[in-house]
Structure formats: structure tokens, C-alpha cells
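Following: one structure in C-alpha cells, then a few remarks.
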Amino acid sequence: MSVRVRFAPSPTGYLHIGGARTALYNYLYAKAVGGTFILRIEDTDLERSNAEYEKLQIDDLKWLGIFHDEGPDKPNPKYAPYRQSERLEIYNKYAQQLIEKGLAYYDFCTEAELEAMKAQNEAEGNDPHYTGKWRNSEHFAEAKARIAAGEKTAIRFKAPKKSYTLNDKVKGSVTYPDNMVGDFVIMRSNGLPTYNYCCVVDDMLMEITHVIRGEDHLNNTVRQLMIYEALNAKLPEFAHVSLLIGSDRQKLSKRHGATSVNLYRNENYLPEAMCNYLTLLGWSHPAETDIFTKSDLFSLFSLERFSAHSAMYDLEKLKWVNGQHLKKMENADIINMLTTLPEAAAFNKQDAAWKNMAVTLLKQYADFISDIPKKADEMIFDEHIEMKNELLEILGWETTPKIIDYLAGEMNKITTPFVTEAELTAWMDFAKKDLAIKGKPLFQGIRAALTGQEHGPDLKLLIPLTPVAIIKKRLNLLSKTKQEKDG
RNA sequence: GCUCCCAUCGUCUAGCCCGGUCUAGGACAUCGCCUUUUCACGGCGGUAACAGGGGUUCGAAUCCCCUUGGGAGUACCA
């Protein structure tokens, strides 16, 4: 039987980093074993669900490069529909079957009654389970009558009093004691199913073979095990992946800052890098490498290499991973991504040859794609020089005025928009021989004169990229500063 | 409270299932050196961990128990 896995988000907000990781694991596993990856929308919480979020989450998955084989937008008639809100009849049908088999019952208890029941159980030291009268089959006729009269009611599942054992692919053998859960609601009085019930009905009907999801569902699983049993359905394999935590070691949530995928998308993180980093948070590559693409994993992703403990989400390493992917990218792809970036305005005005050279130089200084135009603005287009102490010191050197005067003269002869590397080399040679300057005063003096900086990239690469007009302005400013300082 | 899960450098982890090859390996971060007549990139190296206590065993990071710590669940949310 071929593998079928699913990612089942609730459209109650943006796609979360943790959700993306779960989706990714499912996707990778499907790819690794030639299975099918299904997207199911769990929108049974009417108050919080929103169709707009469904769209946004799917967009984010696409951006990450996580593509589903089946879903609301790619239905397979055998399994459709893929939105739980469109499957209500199905849930009702199975709920009726459970009632007929005596495995579930109508429950008319009010919220107040339920609370009183709980309080009483607590006071008497009993398990906090349902002990209402409707569990007793002798009230079934009364229940039927009230239903017939049009009354709305919840349907509660009769939890078997026995222990269950789950063989989880990540956690190993997990045994749930026989008093862990009491009777629980499967159909709410508003006609909508509850998670632990409809999840099982769908997984059964959609023939899901492997459930890969967050550890927060580990305790829920006992309820689901009961439903599988009651429905006489085949059990899938379960893999409960550890949770992502913030720097305070609490489950990762909004208050930890940037936890929505779209935030990273807006900040131009590379989707491959996001996937790479997310995969690493709880799973290890068999070759112990840290940098890889999704397709690298298609042949070797497995459920065997998950770690059992939670992982802290760390921006530092994500930044490094992003930088590694950036450095491996083709210049053409980087240039292409930059065309839509507003902060790359100055960069985008240049011609193709210039851009190619600039990217080769600048990507060594960048962790993020947006660092490239940022560095271009700082190192190439900036005409306002900050008179830092270090720069003032260089200006104070005996040899520096000579360099500035000489270079200003040479620059005035230039009629092209850019200086060539050969011209720059000739100037350096002249300064060395005819001006008799050498060592630090030579190189740092020229750098200061031309760029207004003490440090930066190799001048032979940087200066041919810098517009002559800008260099002239810097030279002017510098010689003015020098004169003021002297006078 | 109760139940379940987890525990290796600051962080992500390898090793654990099938005890000896572990004076515990890699990566991020950090520090130092080399390279670059600068900076960054890169290269090399350093600091840094088996939570604690009991067992079992000739031998335990690895198996068992307890303690401690952390997390999750305990809804007519998912």
C-alpha cells in the first residue's frame, strides 16, 4: 500500500514556523517514499477559522516549496472534499453508527451541570470524568424524543475503561492508563465535530498511512485510538515530533517574536534556507551535514532520525544557513530577485555587467539577499562621508594630502562613468614611485581618498564599480575637511 | 493536582535501540592564529557537555530504578 501523509492546519492565523516544519516533514517523507502528500483544512472552529487565512497559509507553503498532491484546490474525487466544514454529513453518519452500536450517546447536560459534575468529582477525589445520566442507555428513549422535538444536543463518545499502548515512531512505546480520559464530545451541539473525532474519520477515509505531527497531540492520541477502534479502522503509523521552543524554553508562540512564515518571506529570507534550517530542528542528516536542499533529502529522509526532545528556535543559525544558501546561488538568480526589491533601487539602475560584478563582490559580505543592495549603498553609492576619528587620523598623515591632490587631478581627466582597474593600478604605481609613498600610508591613504572608509573590499574590485561622480564628491569633501582642519 | 513525554557543549545535534572503537564527534555562536599590505569571505586551532544519585556489569553517555529539572495534555479549541 502506498504511503499517504497529510498536513492539516487550522486556518486561524498565518502559517506558523512550527506548522511549516510539520508540513515539511510530511512532504519530505512523501517524497522519500514516493507517497502522496495531502493538505486538509481543519476549519471546524467557526469562530476562529477564516477563509483568508487558508489562502495565506497555502501561499506560504508554496513559497517554501512545499507542494501538496491533493487538497481543496487539487481534489481527488475519491477523497474529496478536503475542508472539514464541507464534510459534516460524513461526520454525522459515523456518529450515528457509533450511537447505534452503543459506543456513543446523546448528552443534554448544560455547561453548568458539567461544571458541577467536575467540581463534585474533584471534591470526592474521583477522576474528573463525565458521570452524567445520559451515558446510561435507559435514558436513550428520552433522548430520542427530545431530538425528535427539535432539541440540539452534543454526542459524547463512551470511552472504554482500558489502557492503550501506542507504538510511536519517535517516542517509542507509550502507554496510556485506563483512567486517562473520560467520555468526550465528538459532535458539538452546534452540529460540528470535535478535533479528536473528525481527525480520525478523515484519516481513515483519506487512507492516511502515517500521521506525522507535533508532540502536543501525543496525549490526544489515546482518544483517537479509541475512535479508530470503535470505527474498526486500520491504525496508521504515528510519529510525534518534538515541539519548537523559544529562548525561554516555552512552546514557540507569537510572543517570541517572528514566528509566522510570512514575516521571513517579507524579509526576503531564502525559502530553501528556511526549509534547511527547519529540517535541522529535530532531525539530523545521516551524513551530519548542515547545508542541503529539499531535493537533496528526497532520497534519504526517514522517520528514524528525529530527536525526541524539543528544539530551541535560534535566529543566529538560521542567519548562517541563509548566508550559506545565498553564497551558493547563481548571480543571475540573485540579480533577478533583486529587481523587485525597493531597497535595491540604486543597484537596479546599473547595467548587467556591473550588477554581475557587484554581486560577485558583495555576496561575500551578505547573509541575506537584502544585504547586497544595502552593502552597495554603504560601500559604493554613499557620498556622505562620516568623519570618524580613524579617518581624521589618516587625513592627518603627511602623505595623504599629496594623494588626495594627485587623485583629484587624475579624476578630473576621467570622462567615462567608471574608472577602470588599469587606471587605478597606474595611479597606485605613480603614488608609489613618483610620490614615494609606500606601505600603510599608500594603500590606506588611497582607500581613504577614494572611498572615505578605512576598511572595505579590495580596491581593484570596488573602485571600478563606483561611479566617478561619487568619487569626485568624496575627494572634494575630504580635501575641504583637510583644509579646515589645518586652518 | 493528575497523566504522558523529554534530559549530551550557551544553541542545534552525532553517539544510545545492538554496553568496550568516546581522554564524547560535527555545526552555530565565541576566542585566537593564518590568508588578505585593510575589512569581509575562506582556512586552521582553542574554550565548552553525557542533570544528580543509586543499581546491573570486568566495563555505562549507552541498560534499570529513584530524584531533580523542563515540556505537553487535562475543553461542546485544534
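It should be emphasised that the depicted structure is a prediction, and the values quoted were computed from it without experimental measurement. Naming convention: chains lettered A, B, ... in sequence-line order (proteins, then strands); numbering from 1 in each chain.
- Following rounding to the nearest Å, A/Phe306 (CZ) and B/rC6 (P) show an atom-to-atom distance of 15 Å.
- We find that CD of A/Glu304 is positioned 13 Å from P of B/rA14, with the value rounded to whole Å.
- Across all strands shown, B/rG1 forms a Watson-Crick or G-U wobble pair, both distances under 3.5 Å, with B/rU74.
- A/Asn126 has its CG atom 16 Å from the C1' atom of B/rU74, to the nearest Å.
- Applying the 4.0 Å criterion to OP1 and OP2 of B/rA78, one finds that A/Arg48 has every side-chain N and O outside that range.
- For A/Trp134 and A/Phe140, the distance between ring centers is not under 6.0 angstrom.
- Contacts of A/Arg213 with the nucleic acid, taken as non-hydrogen atoms under 4.0 Å apart, are absent.
- The aromatic rings of A/Tyr264 and A/Tyr313 stand perpendicular to each other, their planes meeting at an angle above 60°, with 30° marking the opposite boundary.
- Comparing B/rU8, B/rC4, B/rA78 by their nearest atom to the side chain of A/Thr194 picks out B/rA78.
- In this entry B/rA40 has no Watson-Crick or G-U wobble partner, no candidate having both defining distances under 3.5 Å.
- For A/Phe443, counting side-chain heavy atoms from C-beta on, the closest listed nucleotide (B/rA72, B/rU37, B/rC5) is B/rU37.
- Here B/rC12 is the nucleotide among B/rC12, B/rA78, B/rC4 with the atom lying nearest to any side-chain atom of A/Met312.
- Across all strands shown, B/rU30 forms a Watson-Crick or G-U wobble pair with B/rG46, both key distances being under 3.5 Å.
- Side-chain atoms of A/Arg156 lie closest to B/rC76 of the nucleotides B/rA72, B/rC76, B/rC6.
- A 3.5 Å limit on both hydrogen-bonding distances identifies B/rU68 as the Watson-Crick or G-U partner of B/rA7.
- For A/Arg447 and B/rU37, the CZ to C1' distance is 10 Å, given to the nearest whole Å.
- When Watson-Crick and G-U wobble pairs are counted only if both distances are under 3.5 Å, B/rC63 pairs with B/rG55.
- Residue A/Arg188 has a polar side-chain atom (N or O) positioned under 4.0 Å from OP1 or OP2 of B/rA78.
- Between A/Arg249 and B/rU11 there is a side-chain polar atom (N or O) within less than 4.0 angstrom of OP1 or OP2.
- A salt bridge is defined here as a Lys NZ or Arg NE, NH1 or NH2 lying under 4.0 Å from an Asp or Glu carboxylate O, and A/Arg447 with A/Asp458 fails to meet this definition.
- Remark: A/Arg40 fails to qualify as a cation-pi partner of A/Tyr82 under the 6.0 Å distance and 45° angle criteria applied to the six-membered ring.
- The side chain of A/Thr44 lies closest to B/rA78 when the candidates are B/rA14, B/rA78, B/rC28.
- Side-chain N/O atoms of A/Gln364 include none lying less than 4.0 angstrom from OP1 or OP2 on B/rG42.
- Taking the six-membered ring for Trp, A/His210 and A/Tyr29 have ring centres closer than 6.0 Å.
- Checking B/rC76, B/rU38, B/rC41 against the side-chain heavy atoms of A/Ser189 singles out B/rC76 as nearest.
- Of all nucleotides listed (B/rC39, B/rA27, B/rC76), B/rC39 comes nearest to the side chain of A/His455.
- Residue A/Arg223 has no polar side-chain atom (N or O) positioned under 4.0 Å from OP1 or OP2 of B/rC4.
- The base of B/rG71 has none of its N or O atoms less than 3.5 Å from a complementary donor or acceptor on the side chain of A/Gln250.
- Phosphate proximity of B/rU13 to A/His285: absent, as no side-chain N or O sits under 4.0 Å from OP1 or OP2.
- Side chain of A/Tyr365, nearest nucleotide from B/rA40, B/rA27, B/rA72: B/rA40.
- Closest contact between the side chain of A/Ala311 and the listed nucleotides B/rU13, B/rC76, B/rC39 involves B/rU13.
- For A/Asp371 and B/rA40, the CG to P distance is 15 Å, given to the nearest whole Å.
- Separating the CH2 atom of A/Trp283 from the C1' atom of B/rC12 is a distance of 14 Å, rounded to the nearest angstrom.
- A cation-pi geometry, defined here as NZ or CZ lying under 6.0 Å from the six-membered ring centre and within 45° of its normal, holds between A/Arg146 and A/Phe108.
- Contact annotation for A/Lys440: no contact, since no heavy-atom pair falls under 4.0 Å across all strands.
- Counting only heavy atoms from C-beta on, A/Leu243 has its side chain closest to B/rA72 among B/rA72, B/rU38, B/rC76.
- Under the 3.5 Å distance criterion, with hydrogens and angles disregarded, no donor-acceptor pair is assigned to the side chains of A/Glu52 and A/Asn50.
- A donor and an acceptor atom sit less than 3.5 Å apart, one in the side chain of A/Asn219 and one in the base of B/rA72.
- Taking side-chain N and O atoms only, A/Ser307 has a distance below 4.0 Å to OP1 or OP2 of B/rU13.
- Note: CG (A/Leu300) to P (B/rA14) measures 15 Å, nearest angstrom.
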